[in-house]
Amino acid sequence: CVVIDSANSSLQFTWTIHPDGRLNLAYRYQLDQAAPFHGLTFDLPEKEIRQLEWLGQGPRRVWRNRMRGTRFGRFEIPFKTLTPGQQFDYPHARGYFAGFHQATIATSSGRIEITPHQESTSLRLGTNNEGERIRTYWPEGDLSILHGIPAIGTKFKPPEALGPQSQFNPAPGIVEGKVTFRILP
């Protein structure tokens with residue numbers, strides 16, 4: 001695991017493996033500059049992902065400048081590719097999901113259950129093609145646990161030109177968190 005989008009950061013982490021198979025990841029990093037997003041990211045090949053089920057804000061993905069329209073609940077969507085303006089089989093399965101309390105990702109090899117231990121944690125799954133004229137930021141990797149998510153622009157303006165909620169996330173200083181992973185058949 002690595003800290004993402006962090007030119008001036010440091011990372012400390014501890015993995016704890018429990019007898020029942022749970023993996024706890026406790027982490028701490030420092031970020032001293034504004035960034036489009038920040039948190040942890042992992043490799044999980046998108047071709048292996050089949051479905052996302054989560055407890056949190058939904059049923060749609062969100063952006064830093066587009067948080068309205070969600071409600072708290074349990075949601076489930078198949079992992080599919082949508083091309084904006086050409087395919088309309090919503091909701092998108094690739095993107096940022098705010099305020100998640102628990103998520104289960106079904107893969108071709110089994111399921112991965114993820115539980116953050118702090119509030120205001122976002123899940124990012126996959127990378128979507130937003131169209132050639134829409135600008136936004138995506139972390140490397142395919143699965144992210146984030147404490148700050150990016151804004152999205154429009155066809156005519158980059159995100160930074162769209163107001164206060166579209167600016168980079170302010171420098172948080174020290175960020176601490178804990179997340180539990182369970183690998184299920």
Exercise for the section: Report the distance from atom CG of Asn65 to atom OG1 of Thr136, rounding to the nearest 0.5 Å. Expected result: 8.0 Å

Handout entry: Closest non-hydrogen atom pair between Ile152 and Pro159, with its separation
Key = C-CB, 3.9 Å

Problem - Salt-bridge contact Arg111-Glu53 (side-chain N to carboxylate O under 4.0 Å) - result: no

Problem - Joint cluster assignment, Phe97 & Ile112, ILVMFWY side-chain distance < 4.5 Å - result: yes

Exercise for the section: For residues Leu125 and Arg94, determine if any side-chain heavy atom of one lies less than 4.5 Å from a side-chain heavy atom of the other. Expected result: no

Exercise for the section: Specify whether His38 and His147 have parallel, tilted or perpendicular ring planes, treating 30° as the upper limit for parallel and 60° as the lower limit for perpendicular. Expected result: parallel

Practice task
Please answer: with hydrophobic residues joined when any side-chain heavy atoms are less than 4.5 Å apart, are Val62 and Leu55 in the same cluster?
Solution key: no

Practice task
Look at the aromatic rings of Trp63 and Trp138 and report parallel, tilted or perpendicular, splitting at 30° and 60°.
Solution key: perpendicular

Exercise for the section: Indicate whether any N or O donor in one side chain lies under 3.5 Å from an N or O acceptor in the other, for Gln57 and Thr70. Expected result: yes

Exercise for the section: Quick one: pull up NZ in Lys47 and CG in Asp142 and give me the separation to the nearest 0.5 Å. Expected result: 10.5 Å

Problem - Check: Asn24/Thr16 side-chain N/O donor and acceptor closer than 3.5 Å - result: no

Practice task
State, without any angle test, whether Glu119 and Thr121 hold a side-chain donor-acceptor pair at a distance under 3.5 Å.
Solution key: no

Problem - Intermediate values then yes/no, side-chain hydrogen bond (donor to acceptor under 3.5 Å, both in side chains), Thr115 and His101 - result: CA-CA 6 Å; Thr115 308; His101 294 265; over 6 Å; no

Problem - Non-hydrogen atoms of Ile134 and Gly153 that approach each other most closely - result: CG2-O, 3.8 Å

Problem - Heavy-atom side-chain contact between Phe156 and Leu162 under 4.5 Å - result: no

Practice task
Flag yes if Phe72 and Ile114 sit in one hydrophobic cluster, no otherwise; membership is Ile, Leu, Val, Met, Phe, Trp, Tyr, and two members link when side-chain heavy atoms are under 4.5 Å apart.
Solution key: no

Practice task
Look at atom CG of Leu184 and say whether more than 12 heavy atoms of other residues, nucleotides or ligands are closer to it than 6.0 Å.
Solution key: yes

Practice task
Quick one: closest heavy-atom pair of Pro59 and Trp54, and the distance?
Solution key: O-CH2, 3.8 Å

Practice task
Please determine, by modelled atom types, if Glu76 and Gln51 share a side-chain donor-acceptor pair under 3.5 angstrom.
Solution key: yes

Practice task
Could you tell me the separation between the CG atom of Leu40 and the CG atom of Leu143, rounded to the nearest 0.5 Å?
Solution key: 10.0 Å

Fill in the blank from the handout: Looking only at heavy atoms, the pair that brings Thr41 and Ser144 closest together is OG1-OG, 3.0 Å

Exercise for the section: May I ask you to test the Gln102-Thr104 pair for a side-chain heavy-atom distance under 4.5 Å? Expected result: yes

Exercise for the section: Have a look at Glu176 and tell me which of Gln12, Arg28, Gln118 forms a side chain to side chain donor-acceptor pair (under 3.5 Å) with it. Expected result: Arg28

Handout entry: Under 3.5 Å donor-acceptor, Arg22 side chain and Pro19 backbone
Key = no

Practice task
Of all the heavy-atom pairs spanning Arg64 and Pro164, show the shortest one and how long it is.
Solution key: NH2-O, 4.3 Å

Exercise for the section: Check whether any side-chain heavy atom of Phe42 sits under 4.5 Å from a side-chain heavy atom of Ile145, and report yes or no. Expected result: yes

Completion exercise
Rounded to the nearest 0.5 Å, the CG atom of Leu25 sits from the CD1 atom of Ile17 at a distance of 11.5 Å

Practice task
Please examine the side chains of Tyr96 and Leu123, heavy atoms only from C-beta on, and report whether any two atoms are closer than 4.5 Å.
Solution key: no

Problem - Salt bridge flag under 4.0 Å for residues Glu130 and Arg61 - result: yes

Exercise for the section: Quick one: pull up CE in Met67 and OG in Ser122 and give me the separation to the nearest 0.5 Å. Expected result: 6.0 Å

Handout entry: Min side-chain heavy-atom separation Gln30-Val175 under 4.5 Å
Key = no

Handout entry: Point-to-point distance, once rounded to the nearest 0.5 Å, from OG of Ser109 to CG of Leu44
Key = 9.0 Å

Handout entry: Close aromatic pair by centroid cut-off 6.0 Å: Tyr137 and Phe168
Key = yes

Practice task
Show your reasoning for whether side chain to side chain contact (heavy atoms under 4.5 Å, CB included) applies to Trp15 and Leu23.
Solution key: CA-CA 7 Å; Trp15 285 99; Leu23 297 167; 4.1 Å; yes

Exercise for the section: Using modelled atom types only, decide if a donor and an acceptor are shared between the side chain of Tyr27 and the backbone of Thr14 within a distance under 3.5 Å. Expected result: no

Problem - Side chain to side chain, Ile149 and Arg124, heavy atoms closer than 4.5 Å - result: no

Completion exercise
Heavy-atom nearest pair, Pro91 first then Ile77, reads CG-CG2, 3.3 Å

Practice task
For the residue pair Arg135 and Lys157, establish whether any side-chain heavy-atom pair is separated by less than 4.5 Å.
Solution key: no

Handout entry: Phe75/Phe100 aromatic ring centres below 6.0 Å
Key = no

